[in-house]
Amino acid sequence: MEEKEQIQKDLKSIEKKPGERVEYMTPFLLDWFSRQARILPWRTNPKPYYVWVSEIMLQQTRVEAVKPYFSRFIHTLPDIRALAECEEDMLFKLWEGLGYYNRVRNLQKAAKVVMERYQGELPADYPALLELPGVGSYTAGAIASIAYQIPVPAVDGNVLRVMARLTENYEDIAKVSVKKQTEELLKKHMPKENAGAFNQALMELGALICLPNGEPKCGECPVQECCLACKRGVVTELPVKAKKKARRTEEKTIFVIRLADGTVVLHRRAENGLLAGMYEFPNVPEKLDILEAQEVLRNWGIAVQSILPIEEAKHIFSHVEWKMRGYLVEAQREERQQDLAGIFNSKIAETGVFRAKPELEWISAERVQAEIAIPSAFAAFLKYI
Ligand code: SF4
């Protein structure tokens, strides 16, 4: 009997058994991965620390974009001790451009825990990894399997998509329960040897072949014969994923304030919430016209020499979208002698455009370049400093 026919016969007998289907496809998948895996620095040398850092960086960012960040991060902070002891501003600077800064905050929190509890070595223990700040089941599974070959799954969006198609599962992959089911299924049926390669192969399949948005390259897929969605011609219907709630929109006016000597005026955000603790250009809610913008600056005690509208920009976070209007302000030092509170109180009633004066910091352009990370939400305005 031809090999293809034999495979179809075997698969027919396990059609309603997704676990057996996983076992059946494993050799095909591993063989493909051994030939096609991309060469990546954290793969070439899968030290637990490297796997961990790369997985955290990869959570919201493409592999190609992560590579230079990873190299610079590891070069500057070569081990967990260095990460635990790094100044927060330097840490943010290393992360600048990757966004989602909570990831790097948690990375450092977890590094401190690893120093205290595990003498600087990530534990080779899945439940212990799960207790670290910022480490969920996916990251714990990736570290445990790739760095320590512990047979636990690492289920991310790629893997959920691949598994929904392979097993023709119409449940909503955004549901926690579906992720749990998939983890349980894989844990039971993944190979006990070679767990790291198996998990990476599934992720790689999702990243390179079983692409989202109805564009999988089934003709190049190493497990096509084993794929129920492909067999039934329903690939474009899977995975099922409930639509997220619409993002709310916030309008803002952004002030890029600079002095003749290159000093830039920045503001540090509150220690909690969106972009917690990060530096930003001073800003206020709503898109203000130039007169309103001037009034705000006066209230803040900024001695404006000139003010020019610059481009509008937007930035999309997971739950909110900022629509921003920028002003470039050439200024002198603060007019500290003014009775700012008096102005504020009298004008706010008239126009309603004044906001509480933020804590502004006057920082040299050199220091901003070398040490301060400004979130990519403000990327459109960075060229003005
Ligand atoms: Fe994905 Fe197509 Fe491969 Fe099925 S055959 S796993 S749908 S790429």
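Whatever order the structure lists them in is the order used to number ligands and atoms, beginning at 1. All values reported here derive from a predicted model rather than from experimental measurement.
- Not a single donor-acceptor pair under 3.5 Å links the side chain of T249 to the backbone N or O of E321.
- The pair R35-D31 meets the salt-bridge criterion, since a charged nitrogen lies less than 4.0 angstrom from a carboxylate oxygen.
- For C210, the nearest N, O or S atom to atom 1 (Fe) of ligand 1 falls under 2.8 Å.
- The contact set between ligand 1 and R165, taken as ligand atoms under 4.0 Å from a residue heavy atom, comprises 7 (S).
- No close placement of the H319 and F317 rings is indicated, their centers lying 6.0 Å or farther apart.
- Within ligand 1, the atoms closer than 4.0 Å to a non-hydrogen atom of C227 are 4 (Fe), 5 (S), 6 (S), 7 (S), numbered from 1 in the order shown.
- At least one N, O or S atom of C218 sits under 2.8 Å from atom 2 (Fe) of ligand 1.
- Of all atoms in ligand 1, listed by their number and element, those nearer than 4.0 Å to a heavy atom of C221 are 3 (Fe), 5 (S), 6 (S), 8 (S).
- Open room surrounds CD on E87; 12 or fewer heavy atoms of other groups in view lie less than 6.0 Å from it.
- Every atom of ligand 1 is numbered from 1 in the order shown, and the set under 4.0 Å from a heavy atom of V235 is 7 (S).
- For residue C230, no N/O/S atom approaches atom 4 (Fe) of ligand 1 to within less than 2.8 Å.
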(request) Report the C-alpha separation of F198 and K192 in whole Å, then their side-chain angles, then the decisive distance to 0.1 Å, and conclude whether the side-chain contact (heavy atoms from CB on, under 4.5 Å) test is met. (result) CA-CA 10 Å; F198 175 82; K192 301 301 167 248; over 6 Å; no
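- The pair K187-E184 does not count as a salt bridge, with every side-chain nitrogen at least 4.0 angstrom from each carboxylate oxygen.
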